[in-house]
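Chain letters run A, B, ... following the sequence lines, proteins first, then strands; residues in each count from 1. Remember, it's a predicted structure, so these values are computed and weren't measured experimentally.
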Amino acid sequence: MSSVLPWEPEGEIAESKKGPGLSRDWPAARPNRTIRAFCSIDDGALPAVVIPDKEVRKPDEANRVFQDIVLNNISPCRATFNTMINGLCKNGYTDNALMLFRNLQRHGFSPELITYNILINGLCKSGRWRAARMILKELGESGHVPNAITYTTVMKCCFRYRKFEEGLDIFLDMKTKGYTFDAFAYCTVIGALVKTERIEEAYQCSQQMVGNGIELDLVSYNTLINLYCKDGKLEDVFKLLDEIEREGLECDKYTHTILIDGLCRAGNIERAQQHLSYMNDMDFDSKLVAFNCLIDRLCKCGYIDHAMKLFESMELKDSFTYASLVHNLCKARRFRQASKLLISSLNGRMKILKSAQKAVINGLRASGFTRDAKKLQSEIRWAKILR
DNA sequence: CTAGGGTTAG
């Protein structure tokens with residue numbers, strides 16, 4: 001098997017990137033203009049994609065503190081840089097994270113493996129596949145040896161961008177090179193196998209995980225429960241739930257959602273609904289995915305009106321909610337209703353799948369609603385401009 | 001709390 005990793009040692013490590021004096025850690029003395037320029041970046045220069053959260057996510061404030069550190073000529077340790085880069089990534093400021101990374105490099109900061117891992121993960125999660133690849137390549141040229149975290153991160157990136165075979169190759173590569181597997185790596189792979197409906201392989205993988213004596217945490221249990229659910233083995237699911245209880249672990253929103261989806265898929269909508277109301281003491285945000293599962297399943301079982309009622313009762317909706325309904329309304333040839341929903345989702349600034357847009361427009365046209373089709377198209381165009 | 005894993009639409 002040929003190697004799939006772009007960081008494989010290929011001859012010598014590139015010399016071109018190592019200028020004189022660049023091996024020392026930054027900052028040596030006083031930060032120069034470039035660093036100041038970055039640090040004096042004002043709020044207007046930051047992208048307006050702050051992810052709201054109940055946690056204390058305040059990247060602007062972090063940036064101010066960081067400015068203070070640099071401008072007052074306090075030498076921050078490397079962990080501070082990594083923390084900053086990580087914080088920027090986690091809050092949607094990937095571009096700024098990359099800029100900071102470059103600026104620091106320019107000042108002789110030689111990134112650690114952890115810095116690369118942070119950036120690759122951040123870039124990947126924000127949809128910057130090419131940039132992620134670039135950093136990965138640089139990691140390969142840096143002489144650092146990637147660790148299990150790097151591998152898991154890159155695998156996850158591959159799966160995220162539907163490069164399943166590439167991801168699985170990395171998994172095999174990890175084995176060949178003798179990396180120790182932990183629950184992170186196994187769960188990443190099992191999750192991808194389940195998603196691609198390779199249930200047999202997913203079972204093999206989970207047997208390996210259990211056989212290797214890895215202690216299962218809640219995420220591992222959730223992964224396994226999801227596997228059994230997708231395979232329709234609900235009795236095994238309940239066994240696992242008992243086991244979770246015996247271990248003294250507590251189910252979280254993932255567990256409940258996976259279970260609700262499983263019940264739905266098994267055709268037990270009533271029980272799914274019961275379980276959803278059992279989640280009543282959780283906030284709506286935690287129940288959203290479960291609601292979406294139920295809506296989709298209701299539609300697929302032919303209860304579209306019931307699904308619409310549920311939809312109207314929801315205090316929070318996302319693009320999944322809309323996509324499910326729009327697609328299923330199209331399948332039922334209720335194109336005008338689908339169109340109405342699509343427009344309201346555009347007004348709510350939802351991202352709508354191209355496939356859903358097409359389905360509605362084509363459906364309207366095919367059933368003679370040419371004007372409605374045109375109107376919808378112009379709405380979509382406007383939404384794109386206004387976004 | 002310096003890095004990686006688990007849920008839904010097509």
Student: Using atom CG of A:Leu123 as one end and atom P of B:dG4 as the other, report the distance to the nearest whole Å.
Tutor: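 The distance from CG of A:Leu123 to P of B:dG4 comes to 13 Å, rounded to the nearest Å.
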
Student: Can you tell me how far C1' in B:dA3 sits from the matching atom in B:dT7, rounded to whole Å?
Tutor: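 Comparing C1' positions in B:dA3 and B:dT7 gives a spacing of 23 Å.
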
Student: Under 4.0 Å, counting only non-hydrogen atoms across every strand here, what does A:Ala148 touch: a base, just sugar-phosphate, or nothing?
Tutor: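 It contacts base atoms.
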
Student: Is a donor-acceptor contact shorter than 3.5 angstrom present between the side chain of A:Thr152 and the base of B:dG4?
Tutor: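 Pair found.
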
Student: Could you tell me the separation between the CG atom of A:Asn91 and the P atom of B:dA3, rounded to a whole number of Å?
Tutor: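 So the CG-P distance, A:Asn91 to B:dA3, works out to 13 Å.
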
Student: Can you tell me whether the side chain of A:Thr257 and the base of B:dT7 have a donor-acceptor pair closer than 3.5 Å?
Tutor: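 Such a pair exists between side chain and base.
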
Student: Could you check how far CD1 of A:Ile118 sits from C1' of B:dC1, rounded to whole Å?
Tutor: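 Those two atoms, CD1 and C1', are 11 Å apart.
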
Student: Compare side-chain N and O positions of A:Lys125 against OP1 and OP2 of B:dA3 and report whether any pair is under 4.0 Å apart.
Tutor: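 For B:dA3, neither OP1 nor OP2 has a side-chain N or O of A:Lys125 closer than 4.0 Å.
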
Student: Just checking A:Lys358: base, sugar-phosphate only, or nothing, at a heavy-atom cut-off of under 4.0 Å?
Tutor: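 Touches nothing.
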
Student: Separation of A:Ile85 atom CD1 from B:dA3 atom C1', in whole Å?
Tutor: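 Nearest whole value for this atom pair: 12 Å.
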
Student: Calculate the interatomic distance between A:Ile149 atom CD1 and B:dA3 atom P; express it in whole Å.
Tutor: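 The answer, rounded to whole Å, is 9 Å.
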
Student: Within this structure, what is the CD1-to-P distance between A:Ile114 and B:dC1, rounded to whole angstrom?
Tutor: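 Spelled out: CD1 on A:Ile114 to P on B:dC1 is 11 Å.
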
Student: Is A:Lys195 near enough to B:dT8 that one of its side-chain N or O atoms lies under 4.0 angstrom from OP1 or OP2?
Tutor: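 Checking A:Lys195 against B:dT8: at least one side-chain N or O falls below 4.0 Å of OP1 or OP2.
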
Student: For the side chain of A:Asn82, starting at C-beta, report the closest nucleotide among B:dT2, B:dG5, B:dT7.
Tutor: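 Of all the options, the side chain of A:Asn82 is nearest to B:dT2.
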
Student: Please check if the side chain of A:His144 supplies one atom and the backbone of A:Pro111 the other of a donor-acceptor pair under 3.5 Å.
Tutor: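 The answer is yes, because a donor-acceptor pair under 3.5 Å joins these two groups.
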
Student: For a quick test of reading the model: is some side-chain N or O of A:Lys331 closer than 4.0 Å to OP1 or OP2 of B:dA9?
Tutor: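 No.
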
Student: With a 3.5 Å cut-off and heavy atoms only, can you find an N or O donor on one side and an acceptor on the other between the side chain of A:Asp182 and the base of B:dG5?
Tutor: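 Donor-acceptor pair under 3.5 Å: no.
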
Student: Between A:Arg133 and A:Glu166, does any side-chain N to carboxylate O distance fall below 4.0 Å?
Tutor: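 A salt bridge links A:Arg133 with A:Glu166.
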
Student: The side chain of A:Lys90 is closest to which nucleotide in this list: B:dT8, B:dG4, B:dG10?
Tutor: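 Ranking B:dT8, B:dG4, B:dG10 by closest atom to the A:Lys90 side chain puts B:dG4 first.
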
Student: As a test of reading the structure: which of B:dA9, B:dG4, B:dT8 is closest to the side chain of A:Lys230, going by heavy atoms?
Tutor: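 From the listed options, B:dT8 comes nearest.
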
Student: Indicate whether A:Tyr254 forms a stack on B:dT7; treat it as stacked only if centroid distance is below 5.5 angstrom and interplanar angle below 30 degrees.
Tutor: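 Taking the rule of under 5.5 Å and under 30°, the ring of A:Tyr254 does not stack on B:dT7.
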
Student: With a 4.0 Å cut-off on heavy atoms, is A:Ser324 in touch with a base, just the backbone sugar-phosphate, or nothing at all?
Tutor: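 A:Ser324: backbone/sugar contact only, no base atoms under 4.0 Å.
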
Student: From B:dT8, B:dG5, B:dT2, pick the nucleotide closest to the side chain of A:Ala183?
Tutor: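 Output: B:dG5.
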
Student: Does A:Phe184 stack onto the base of B:dG5, taking stacking as ring centres under 5.5 Å apart and planes under 30° apart?
Tutor: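 It does: the two rings, one from A:Phe184 and one from B:dG5, meet the stacking criterion.
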
Student: Give every residue pair that meets the disulfide (SG to SG under 2.5 Å) criterion with at least one member in residues 176-260 of chain A, sequence neighbours excluded.
Tutor: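 Not a single pair qualifies under disulfide (SG to SG under 2.5 Å).
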
Student: Determine: side-chain N/O of A:Lys300 to OP1/OP2 of B:dG10, distance under 4.0 Å, yes or no.
Tutor: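 For B:dG10, OP1/OP2 do have a side-chain N/O of A:Lys300 under 4.0 Å.
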
Student: For A:Asp217 and B:dG5, what is the distance between atoms CG and C1' respectively, to the nearest whole Å?
Tutor: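 Distance check: A:Asp217 CG to B:dG5 C1' gives 8 Å.
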
Student: Does any N or O donor sit under 3.5 Å from an N or O acceptor when you compare the side chain of A:Arg162 with the base of B:dG10?
Tutor: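 By the distance-only test, yes, there is a pair.
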
Student: Distance to the ring centre below 6.0 angstrom and angle to the axis at most 45 degrees; does that hold for A:Lys195 and A:Phe159?
Tutor: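 That pair does not qualify as a cation-pi contact.
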
Student: Give yes when the SG atoms of A:Cys124 and A:Cys157 are nearer than 2.5 Å, otherwise give no.
Tutor: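 Cysteines A:Cys124 and A:Cys157 qualify as a disulfide pair, their SG atoms being under 2.5 Å apart.
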
Student: Confirm from the modelled atom types if A:Asn328 and B:dA9 form a donor-acceptor pair under 3.5 Å, side chain to base only.
Tutor: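 Flag unset: no donor-acceptor pair detected.
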
Student: Would you tabulate the side-chain donor-acceptor contacts of residues 361-370 of chain A under 3.5 Å, counting partners in other chains and residues two or more places apart, or write 'none'?
Tutor:
| from | atom 1 | to | atom 2 | distance (Å) |
| --- | --- | --- | --- | --- |
| A:Asn362 | ND2 | A:Lys358 | O | 3.4 |
| A:Arg365 | NH2 | A:Gln377 | OE1 | 3.4 |
| A:Ser367 | OG | A:Gly363 | O | 2.4 |

Student: Closer than 4.0 Å, any side-chain N/O of A:Asn86 to the OP1 or OP2 of B:dA3?
Tutor: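 So the side-chain polar atoms of A:Asn86 do come within 4.0 Å of the phosphate oxygens OP1 or OP2 of B:dA3, strictly under.
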
Student: Look at all strands and tell whether A:Ser220 reaches a base, only sugar-phosphate, or nothing, counting heavy atoms closer than 4.0 Å.
Tutor: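 Base, at least one base atom sits under 4.0 Å.
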
Student: If we take the P atom in both B:dC1 and B:dG5, what is their distance in whole Å?
Tutor: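 It comes out at 15 Å once rounded to the nearest Å.
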
Student: When you check the gap from the basic side-chain N to the acidic O, do A:Lys177 and A:Asp173 get nearer than 4.0 Å?
Tutor: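 The answer is yes: the pair qualifies as a salt bridge.
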
Student: Please answer whether the main-chain N or O of A:Phe184 pairs with a side-chain N or O of A:Thr188 as donor and acceptor at a distance below 3.5 Å.
Tutor: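 Looks like yes, one N/O pair under 3.5 Å.
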
Student: Please pick, from B:dT2, B:dG5, B:dA9, the nucleotide with the shortest atom-to-atom distance to any side-chain atom of A:Ala79.
Tutor: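 Of the options given, the side chain of A:Ala79 lies nearest B:dT2.
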
Student: Are any of A:Asn121's side-chain N or O atoms less than 4.0 Å away from OP1 or OP2 of B:dG4?
Tutor: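 Result: yes.
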
Student: Using a 4.0 Å heavy-atom cut-off across all strands, classify A:Ile258 as base, sugar-phosphate, or nothing.
Tutor: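 Answer is sugar-phosphate: A:Ile258 comes under 4.0 Å of backbone atoms only.
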
Student: Which nucleotide in the set B:dG5, B:dA3, B:dT8 lies at the smallest distance from any side-chain heavy atom of A:Lys156?
Tutor: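 Selected nucleotide (nearest to the side chain): B:dG5.
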
Student: Using atom CG of A:Leu139 as one end and atom P of B:dG4 as the other, report the distance to the nearest whole Å.
Tutor: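 About 15 Å, once rounded to whole Å.
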
